[in-house]
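Below is one structure, written out as structure tokens; the observations come after it.
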Amino acid sequence: MPSSACPECAESTVTTGLREPWCPSCAWNADQTTPVLFGWRWVDRRLHRVAGRLTDAQFAALADGPLSPRAMTVSRAVTLTAAVVLLAGVIAVAALGLWLIFLDFFSLSTVLGLVLVGVAFLLRPRLGRVSDLAGQGVVLEPAQAPQLFGLVERVATAVGAPAPQVVMAGYELNAFTTAVGVRRTRVLCIGLPLWATLEPQERVALLGHELGHFVNGDIRRGPLTQVAETTLGRVAHLFDTDGNAGDGFIGYLTAIITRALGWVVSTVARTLQLLLVWTSQRDSQRAEYLADELAARAGGTDAAVSLADHLVMIESIDTVIRREARAGNGMSAWRDAARTARANLAANLPVLRRLTRHTEVSLYASHPPTGLRAEMLERRPRQAAAVTVAESDLARIDDELAVHQKRVLRELTH
Ligand SMILES: [Zn+2]
Ligand SMILES: [Zn+2]
């Protein structure tokens with residue numbers, strides 16, 4: 001790799017991962033791509049630096065301090081309080097509406113009441129359904145994949161998590177858990193492209209991380225966070241009217257006043273929502289470190305670290321998997337291609353890890369930079385694998401999943 005000396009520290013620069021040369025030693029020119037938050041460059045840059053400082057401070061606090069799921073952080077307290085207040089507000093609007101409807105049936109107040117009930121209905125919290133996830137993967141039946149369900153069960157026990165009620169084979173190079181509906185049905189979705197490219201213990205670590213989200217005190221899994229993050233957005237949308245100017249002077253005046261009021265309400269709501277999302281994302285980043293800790297407990301620290309490094313290299317892995325998929329090749333080819341890509345990138349890994357501390361930092365990010373996740377695992381006390389699997393066990397699981405391979409291939413190549 002051609003390199004020139006860094007103007008700040010005189011170490012050699014690299015072009016790994018970025019268009020222009022940057023310095024892995026002092027991070028000179030590492031922030032070439034600041035995420036666009038407002039579109040004003042100086043504001044975006046300043047907020048990017050704020051996000052960087054918050055990310056570094058959180059890393060430092062958690063690396064040497066306690067990492068407990070039950071700790072009440074400021075960001076969590078703010079998110080939960082906001083959710084309760086917003087929920088109470090929606091209920092109050094509904095109650096006021098009902099009261100107005102029956103106050104003097106049928107009069108102007110009835111109409112106003114109906115409007116308020118309508119607004120409350122539009123602002124109601126939505127808890128989601130399993131069927132909403134249909135576009136992301138296929139729901140697996142325990143009878144179709146007994147080996148996979150068995151492994152999920154073992155890992156759940158190891159990390160002290162309840163087993164998921166729905167397991168899905170996903171189409172994407174990722175994995176996630178979520179909880180849906182009033183009864184918070186626990187869903188685990190394992191993206192086959194990701195699953196196929198992981199080594200045996202890394203797969204255990206992945207399950208440990210995902211199931212860990214059911215016990216890491218992750219407030220995103222609770223119905224209240226959803227209220228906090230979406231209600232204000234709906235309020236903003238509701239008032240975001242550009243009402244047409246009516247006839248005559250009075251109509252014109254009414255339209256201007258309505259528009260001005262709408263603008264004020266929607267801007268205030270949007271700003272508060274932004275602050276709330278930024279706040280709750282701090283807590284989610286903490287939850288990710290905790291889930292990684294459980295990944296290490298399940299699959300061992302080494303596997304959890306190499307899983308994180310796999311994610312550091314995910315773009316290159318994505319490229320080679322899509323290439324294989326376009327050639328019509330299935331899961332075993334994806335794994336071989338990913339192995340080759342990882343081996344080729346191994347020497348660059350420290351630099352790639354370092355770079356994530358710039359490219360993956362954002363106030364909107366739900367996850368800490370992947371490089372820091374790997375480093376956090378290395379800094380925390382080492383853990384031995386609670387669940388070990390043999391290649392042969394995993395080969396049986398792959399046979400169970402292979403029936404969905406065609407579908408995943410279609411989704412990957414379309
Ligand atoms: Zn430098
Ligand atoms: Zn996670």
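Starting from 1, each residue takes its place in the sequence as its number. No hydrogens, no waters, no symmetry mates; every other heavy atom, side chains included, goes into these values. Atoms within each ligand, like the ligands themselves, are counted from 1 in listed order.
Annotation for Arg19 and Gln32: closest pair N-OE1, 3.6 Å, computed over non-hydrogen atoms.
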Identify every side-chain donor-acceptor pair in residues 291-299 under 3.5 Å, counting partners at least two apart or on other chains, and give the distances.
unit_1 : atom_1 : unit_2 : atom_2 : d
Asp292 : OD1    : His209 : ND1    : 2.8
Asp292 : OD1    : Arg373 : NH2    : 3.0
Asp292 : OD2    : Arg373 : NE     : 2.8

Quiz: residues 151-158 side-chain donor-acceptor pairs under 3.5 angstrom, not counting sequence neighbours:
unit_1 : atom_1 : unit_2 : atom_2 : d
Arg154 : NH2    : Thr388 : O      : 3.1
Thr157 : OG1    : Glu153 : O      : 2.8

Please tabulate, for the side chains in residues 114-137, all donor-acceptor contacts under 3.5 angstrom to protein atoms that are two or more places apart in sequence or on a different chain.
unit_1 : atom_1 : unit_2 : atom_2 : d
Arg124 : NH1    : Phe121 : O      : 2.9
Arg126 : NE     : Arg124 : O      : 3.4
Arg126 : NH2    : Leu122 : O      : 2.4
Asp132 : OD2    : Arg129 : N      : 2.9

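The side-chain hydrogen bond (donor to acceptor under 3.5 Å, both in side chains) test with Ser306 singles out one residue from Glu199, Glu202, Gln201, and that residue is Glu202.
Of all protein atoms, those that are N, O or S and lie under 2.8 Å from the Zn ion (ligand 1) total 4.
The OE1 atom of Glu288, the Zn ion (ligand 2) and the NE2 atom of His213 define an angle of 110° (nearest 10 degrees).
In terms of modelled atom types and a separation under 3.5 Å, the side chain of Gln285 and the main chain of Ala365 share a donor-acceptor contact.
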